[in-house]
Amino acid sequence: MSAFSEKVYAVVKEIPRGEVLTYKQVAILVGNPRASRAVGNILNKNYHSSIPCHRVIRSDGKFGGYNRGEESKIKLLRQEGYVI
DNA sequence: CATTTGACGCCAA
DNA sequence: TTTGGCGCCAAAT
């Protein structure tokens, strides 16, 4: 595991229920404001059940993708009470 | 080691 | 406002 991915996992894991962070925000929190793309890449290839990667969405307000399907991601967020 | 890929983001038309 | 193109970074090929 690279330090970068470790930080990404740590940050995502700390997202409280009902809250969401954008890829950009995560990138900033890990120290690389421009690595928004890399963040998505890491979450995509390393999906662990321990990490609520469904709490990470695009800065545009779109939901982005999800390894279990975007529908599942949206469903989860709605269940957690996330509303636009 | 060099190139491509991808759950992104911002700016210019 | 919506679309297209460019930039940026880490991992996979």
Side-chain angles (χ1 to χ4, degrees):
Chain A
M1 303 289 260
S2 309
F4 184 75
S5 52
E6 291 277 345
K7 290 177 188 172
V8 172
Y9 295 138
V11 171
V12 176
K13 235 182 295 183
E14 293 306 311
I15 304 176
R17 180 184 174 284
E19 294 254 345
V20 294
L21 284 183
T22 65
Y23 294 97
K24 186 183 177 185
Q25 288 295 330
V26 175
I28 293 171
L29 290 172
V30 300
N32 296 349
R34 302 171 179 168
S36 55
R37 210 166 182 168
V39 171
N41 214 330
I42 290 168
L43 293 178
N44 179 25
K45 286 164 181 164
N46 300 286
Y47 59 95
H48 300 259
S49 42
S50 318
I51 301 169
C53 42
H54 61 272
R55 307 256 174 88
V56 187
I57 63 175
R58 291 182 54 124
S59 43
D60 303 75
K62 300 183 188 302
F63 292 93
Y66 194 52
N67 33 36
R68 276 114 174 145
E70 293 100 286
E71 294 296 329
S72 306
K73 180 175 181 179
I74 297 170
K75 243 182 172 181
L76 285 166
L77 290 178
R78 293 189 72 182
Q79 280 183 356
E80 295 182 352
Y82 173 72
V83 282
I84 311 175

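These numbers come from the heavy atoms of this one structure, side chains and all, not from hydrogens, waters or symmetry mates. For clarity, every value in this text was computed on a predicted model and none was experimentally measured. Chain naming here is simple, since letters A, B, ... match the order of the sequence lines and numbering starts at 1 in each.
- Backbone-only contact: A:Phe4 has heavy atoms under 4.0 Å from sugar-phosphate atoms and none from a base.
- The phosphate of C:dA11 has OP1 or OP2 within less than 4.0 Å of a side-chain N or O from A:Ser2.
- The partner of B:dT5, taking Watson-Crick or G-U wobble pairs whose two distances both stay under 3.5 Å, is C:dA10.
- Residue order along DNA chain C, read from the 5' end via each residue's closest nucleotide, puts A:Ser36 first among A:Ser36 and A:Asn46.
- Atom CE of A:Met1 and atom P of C:dA11 are 10 Å apart (whole Å).
- As judged by a 4.0 angstrom heavy-atom cut-off over every strand, A:Ala38 is placed among the base-contacting residues.
- Residue-level contact check: A:Asp60 touches the backbone only, with heavy atoms under 4.0 Å from sugar-phosphate atoms and none from bases.
- The interatomic distance linking A:Asn41 (CG) with C:dT13 (C1') rounds to 13 Å, in whole Å.
- A straight line from NZ of A:Lys45 to P of B:dC8 spans 12 Å, rounded to a whole angstrom.
- Checking C:dA11, B:dA7, B:dC10 against every side-chain atom of A:Lys24, the shortest atom distance belongs to B:dC10.
- In this structure, A:Asn32 reaches the sugar-phosphate backbone alone: every heavy-atom distance under 4.0 Å involves primed, P, OP1 or OP2 atoms, never a base.
- Put simply, the side chain of A:Tyr23 and the base of B:dA7 share a donor and an acceptor less than 3.5 Å apart.
- Using N1 to N3 plus N6-O4 or O6-N4 for Watson-Crick, or N1-O2 and O6-N3 for G-U wobble, each under 3.5 Å, B:dC10 pairs with C:dG5.
- Dashed line: the shortest gap from a side-chain N or O of A:Ser59 to OP1 or OP2 of B:dG9 is under 4.0 Å.
- With rounding to the nearest 0.5 angstrom, the CD atom of A:Glu71 is 11.5 Å from the CG atom of A:Leu76.
- Applying the 3.5 Å distance criterion, the base of B:dG9 shares no donor-acceptor pair with the side chain of A:Arg37.
- Dashed line: the shortest gap from a side-chain N or O of A:Arg58 to OP1 or OP2 of B:dG9 is under 4.0 Å.
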